[in-house]
Structures are given as C-alpha cells and as structure tokens.
Amino acid sequence: MSVKLNVLLVTLLVGCALSVVNARYQARHLLIELERLQQHARQLDIDWDQLQLDQSRLAKNERIEQISRTDLDMAPLSPARTQYLTEGGQ
Amino acid sequence: MTRGTAKNSNARVAASKGVAFSKSPVLAVRLPDWRSRLVLFVLFASFAALAVRAVWLQGVSNQFLQKQGKSRYERTLELPATRGRILDRNGAVLATSLPVRAIWGIPEDVLQAPPEKLRELARLLEMPEADLRKKLDSDRTFVYLKRQVEMPIVDQILKLKIDGIDTRKEYKRFYPQGEVVTHLVGFTNVEDKGQDGMELQHQKTLMGVAGSRRVIKDRLGHIAEDLGMFREPHQGRDLTLSVDSKLQYIAFTSIKNAVEKFNAKAGAAVVLDVQTGEVLALANYPTYNPNDRSKLTGEQLRNRVITDTFEPGSTIKPLTVALGLETGRVTPDTVFDNNPGYMMVTGRRIRDFHNYGVQTVSGIIQKSSNLGVVKIAQMIPQQEMWELYTKVGYGQAPRFGFPGAAAGRVRPYKTWKPVEYANMAFGHGLSVSLLQMARSYMIFARNGDIIPLSFVKVDEDPVGQQVISAKTAAQVRTMLESVVGPGGTASRAQVAGYRIGGKTGTAEKIVNGRYSRTNNIGYFAGIGPMSKPRFVIAVMVDDPTGPLRTGGFVAAPTAADLFSNALRAANVPPDSSITDIIIPEVPLEESM
C-alpha cells in the first residue's frame, strides 16, 4: 500500500516538475512575443504620428490656397456673387 | 635522528644476517596518536570553516554576491517619454515629436574611410566636405557630426557602412504649420525643451517623465523575464489649443497683406470667441519658421499681441462713454456743444481733428471726438474710471497663461492730474496690450460681463463677471456699429453681408522720448456680427508709411478683410443684405 502511494507521489512530483519546466518555457516564449508586439505597437505609434504630421503638412492652408489659385485657377468667393439659401426661402 | 641512524645500521647488520624485512624492527615503530588526531581535526575544521562560510554567504551576508550576480544578467531599460503633441481645436497637428538620430563618429576611425564615402557622407549630412573634415580633425574620441537627422537619411548613412560612425536616438519637434501659428505655439530647443509660447507655458505636462524597467536578458539579447517597473514612465500629454487653424491662416494672411500693402514695420491680429473667451487666432507679422533653428533670434520672435503694450488711443473711448451711460450721467442722446473744436484743461489745449460742433453721445463715438469724451469723463470721478479699467483688466497682471504676457500700465487714480485724466479719456497716458484691448471689448460683445481668456480649448462656458449692464452694452454696440457706417471713422471696416461694429484708434509712437508726428500705430477693435456677436477682433498695424496712416485707413480695412473671411469660414449666416459697400471718397479722419 505504502509503496503504491510512494510510486504515485513520485510520478506526480516528476509530472509537476516537468510541467513547471514547460510552463517556464512557454512563458519565456510568450514574453519574447509580447516584447516583439510591443515594439511593433511603438513603431505603429510613430508611423501614426508621422502620418498625422504629413497630413497636417499637406493640408496646410497656405498650400491649399496656392494650389487652388495657381493650378486649379480658382478665385475666392465674394459676397456679391453668393446666393444664400435660407430655410423658408426668405 | 642519531638514534635512527644507529638502528638502520643495526638493521642492515640484521638483514645481512637473514632476518625477514617485514619483521624489521624499524617498521614496528608506531607514530604518536596525536598526529592523526591533529590531521583529522584540521580536516574537520576546514570543512567546518567552508560550511560556515557557505552559510554566511547564502544566508547572512548575501547582498554583495546577489548584486554582482544581478549585474551580470539583469538590465535596466530606459523608457523615454515622448513629448506630447500640440493640436488645434479641430485636432490638426501643430507640433509633434518624432524619433530621429544624432550622427556621431570616432574621428580616427572615420578618417580612414575611402574619400568617396566621406564625400557621400558629407552630401547626406548636407554640409561641405571641408566642414566635415574640420569636424573630424579633432583629438576627441566622440564628435557629433549632425544632430536631429531624419530617419530616411540615417538609413542611407548607415548603408555606407563607414567604420566609427554611429547614431544615438533622439527626438525632433516638427511644426507642420510653420510660421503661421508659431507665435502662439512657440518652439523647443535641441533638447526638446520648451522655449517660448505654449511650448514653454505647458512644458511640464507636455514633457512627461522618462521611466525605466528591469529585465533579465538571455545570451541572444532577448528579454527572458520582466522584473517589473523600476520607475513608471509618463508620456507627455497632448495639448489641445483653442486656436482654429483655418481662422489662424485667415488672420495671418490679412495681417501679412496689410503690412506689405501699407509698408508697415509690423502687424498683429487676434480673434476671440465671444462665447467662451477662447483665442481662436493670434497672428504676428513679421514671423519666423520654427523648423529652422538657425533663425530663432531677434525681432521676429516678438509676440506683439501679448508682450507689447501701447497707448490704446481712441479705442478706449467706448469705455469712457460706457461708464457715463452706466452711471446714468449721460444717455445716448445727451447733447454736447464742442464748438469751437478745442478746449482748455488746466492750461493745456485739447482739440479735435475737425470742429464737430454740437454732438450727441452717439455722435461723439461715431466721429471719435476727443472733446466729447473728455467732457463725459469730467462728469465721472477718477476713482470710478480707474475701477472700470481695473475690472476690464487694464494694468492688471494678465492671467492668460502665456509666458511674458504684459500687464500694461495704469497709474493709481490718486496721482492723475486733471489734464492727464482728460488725456486718458481718449487713450493717452496709459498702456495696454492688443490682447487686453480685445478682451475689454468682450463686455460690449457679451451682455456687459467679462470672462477670462484661454489659449487652451474650453469645454464649458466660463462664468462672467458683470462690469456694465446689458442695456449699456447694447447701447454701446449700436454706437460701435455706427462707427463702421458711412459717416463713421471706420467706414473702411464695412463687410459685405455682415453687420460689424468697432472702433479705430491711432497712437503716435514715442520716438526719442517725444510723440512722433510721422511714426504711429493704427488699431481697430471690433465685434461681429452685430445681430449675434461671435468674434471680437483686434488688429494693429505698426508704423505704416504713406500719406494716410491712421487706424481708420490701415487697421479698419484689414479688420474688414479678416471679419469677412473669418465669419464666412465659421459658417456664420449673413445678417445684412448689403453686398455692395459704400465707402466715402475721403473717409473721416479721427482725432489723435
């Protein structure tokens, strides 16, 4: 009886030890993966900032005015040739 | 040993006599017991010493070795904090920090590179090759070749694979809107620290706090275990300003055009939101590009709206009149006889540009009569006038939250002499900044209350402090609208489609301690649209040249331009059906 119990306990012990080894291994791998993804997230943040900067640069009012005046031959609207539509048609 | 020698000689004798070797009496000699015990004791003592040492190192004095061990596998990683962005009220980026690299080199190694590679390096660094060689001609082992190099160029430089060239990570601040909004946003230095404007004012929250974490790294440099934060990093917080990029651009172009058209030294404009007290635009010209570090000096850095003060001139007259109306001393229809166009105050002559004859209070504002406001002021005790100035913020330390904001100057009322008080009624003998002037017009634009101004986006409407009654504010508004009409001094401020009200002002500049006849500043402070005020706009044109230099000629049309574009850009429905503006051939000149 006590021999059987001992065998069972030893088996359990070895099993636990092996699962600890496995868990540590998994944890380490997941950590490396996490680090990699965090790095990726940081890079995406930087890219996002860069894109917003580009957007702000390209949407600069000065640039839009320049392009609309010279390339697109547009002129600023004047009140004299603006028709305002008001609710109720007044 | 003498005994031993004797025995040996005996043994040899014995052996030769056939005695067996094992029976040799020499071998029968026994060592004394204490010797083995000593050895045993020494051995045990040594083991005991080792055991004690082991216990000592493991259990008692274990910090030193643990520290040594940690330093061999633990690493502290710096977690830099990125400086927060500055955004406009609609979320457009006004300033942002992006990682760049500083390029540095070890001169000795770099100089051994082939000349064509060095030439290529110089080209990529945008410096003459001679300059690069001069930088490398040094005894030091570490030389910065160029700082804040953007990533695409860094990649090209690293591709050259020059020995001794390396990079260090750093951040660079980018200002996509450049010179248009720079007086408001400010700029940072090469260490990413705020130097001016909002960058300086909000340095603490923008900057953030760098942190660090401890990790265990394996042989390949992978992080094997996270030991947690050593110091929690705090990223710099984004700052959303009250400024509207579109209105800012409109204000900037208006003021730029005005400075060029009137050949002025400088110009400035500010647009305030009547409802929230937010600064929607603040433009200065001449200006500078904050992205170009080499030009961050001199006159162009001055923010004339906030840090410069000047005599408000005629723009202060509505305040004098408002106080007269508020205290019931006059009504809009009270009549003053201003003949013969000048008057004497304690021996000093005060005059109008023209003799306007008999005028109502409304007419005094419309024609900007000095005599009229002086006569109204003379009905009001000095203390009451001083209290009004103080309530609207003149001479008070500004709480705008802007570095270097000027307080202006209003002397204590007890020191005012009668003639000085008379001069103050039309804006001489005290000084304010353009922003203070714009803010004081808030009491007319709103219903007589004044609210704090803000450079940062405001979420809920601030609570105002009542200065004058709503009735007085409405009466002054009507007068201000008449100023912009065909018979007023600011007829050039008329805007097609919108009803505008405002007041012009002209101050002679002080040159060599005296009022100059040829150098002056023209202002306009106005409200629009009159049906439901949205904006308070103040414009200043400094030192215009040409025959017509008063506020009515230089600042009023600039403000009109600004109003019409700003109101349209803000989708404010027009409140006037007039689309053709009638400006008299010779507009009325105001008194100085």
Side-chain angles (χ1 to χ4, degrees), chain A residues 20-72 74-90, chain B residues 77 79-80 82 85 87-88 90-99 150-151 171 173-181 215-218 220-226 235 245-250 252-253 256 291 495-498 561 564-565 567-569 573-581:
Chain A
V20 164
V21 169
N22 185 45
R24 294 285 291 191
Y25 178 77
Q26 295 286 347
R28 198 152 288 191
H29 267 264
L30 288 173
L31 189 74
I32 290 170
E33 182 72 357
L34 177 71
E35 289 297 328
R36 205 178 55 75
L37 290 174
Q38 277 175 343
Q39 181 64 37
H40 189 58
R42 272 196 291 278
Q43 188 54 48
L44 287 176
D45 269 345
I46 292 169
D47 290 351
W48 171 240
D49 281 349
Q50 177 72 52
L51 287 170
Q52 280 195 317
L53 174 66
D54 290 346
Q55 186 198 27
S56 195
R57 263 181 190 159
L58 293 173
K60 196 176 171 185
N61 288 294
E62 204 177 329
R63 187 173 169 272
I64 291 172
E65 184 167 340
Q66 175 100 41
I67 290 173
S68 48
R69 271 184 202 275
T70 56
D71 297 2
L72 302 174
M74 294 166 95
L77 83 161
S78 74
R81 47 187 192 87
T82 307
Q83 187 112 40
Y84 287 98
L85 299 176
T86 46
E87 228 176 326
Q90 292 154 10
Chain B
L77 297 185
L79 301 172
T82 321
R85 295 174 303 169
L87 309 168
D88 90 335
N90 302 317
V93 176
L94 300 179
T96 187
S97 287
L98 284 176
E150 290 176 39
M151 288 313 289
Y171 285 91
R173 200 82 170 145
F174 291 89
Y175 300 95
Q177 303 277 333
E179 68 284 351
V180 174
V181 69
V215 294
I216 293 178
K217 278 197 173 182
D218 68 9
L220 298 170
H222 292 308
I223 291 172
E225 204 173 324
D226 191 352
Q235 295 300 327
S245 288
K246 205 165 167 187
L247 293 182
Q248 175 70 24
Y249 177 68
I250 290 167
F252 178 76
T253 1
K256 185 179 168 207
N291 293 304
V495 174
Y498 295 105
D561 187 32
S564 81
N565 287 320
L567 289 170
R568 216 177 47 228
D575 61 347
S576 154
S577 55
I578 300 165
T579 50
D580 289 318
I581 303 167

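Chain letters run A, B, ... following the sequence lines, proteins first and then strands; every chain starts at 1. We use all heavy atoms of the structure for the numbers below, so side chains are in, but hydrogens, waters and symmetry mates are not.
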Item to check | Straight-line distance of B:L98 CG to A:D47 CG, nearest 0.5 Å | outcome: 9.5 Å
Checklist entry - How far does CG of B:L79 sit from CZ of A:R42, to the nearest 0.5 angstrom? => result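 The distance works out to 7.5 Å.
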Next on the checklist: Taking side chain as everything from C-beta outward and backbone as N, CA, C, O, which of these in A:Q50 sits under 4.5 Å from a heavy atom of chain B? Side chain, backbone, both or neither.
Outcome noted: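 When you check distances to chain B, atoms from both the backbone and side chain of A:Q50 fall under 4.5 Å.
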Checklist entry - Which answer fits A:R24, side chain, backbone, both or neither, if we ask what part of it has an atom under 4.5 Å from a heavy atom of chain B? => result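 Only the side chain of A:R24 comes within 4.5 Å of chain B.
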Checklist entry - With a cut-off of 6.0 Å (strictly less than), are more than 12 heavy atoms of other residues, nucleotides or ligands near CE of A:M74? => result no
Next on the checklist: Within the supplied structure, the quantity of interest is the number of heavy atoms (other residues, nucleotides, ligands) at a distance under 6.0 Å from A:E35 CD; does it exceed 12?
Outcome noted: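 Yes, CD of A:E35 has more than 12 neighbouring heavy atoms, counting only those of other groups under 6.0 Å.
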Checklist entry - Using non-hydrogen atoms and a limit below 4.5 Å, what part of residues 53-63 of chain A faces chain B? => result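 Against chain B, the residues of residues 53-63 of chain A that fall inside the cut-off (heavy atoms, under 4.5 Å) are A:L53, A:S56, A:R57, A:K60, A:N61, A:E62.
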Check each atom of [X] against the heavy atoms of chain A and say whether the ones under 4.5 Å are side chain, backbone, both or neither.
X: B:E150; value: neither
X: B:V215; value: neither
X: B:T96; value: side chain

Item to check | All side-chain hydrogen bond (donor to acceptor under 3.5 Å, both in side chains) counterparts of B:S97, not counting sequence neighbours | outcome: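 For B:S97, the residues satisfying side-chain hydrogen bond (donor to acceptor under 3.5 Å, both in side chains) (neighbours in sequence not counted) are B:R173, B:D192.
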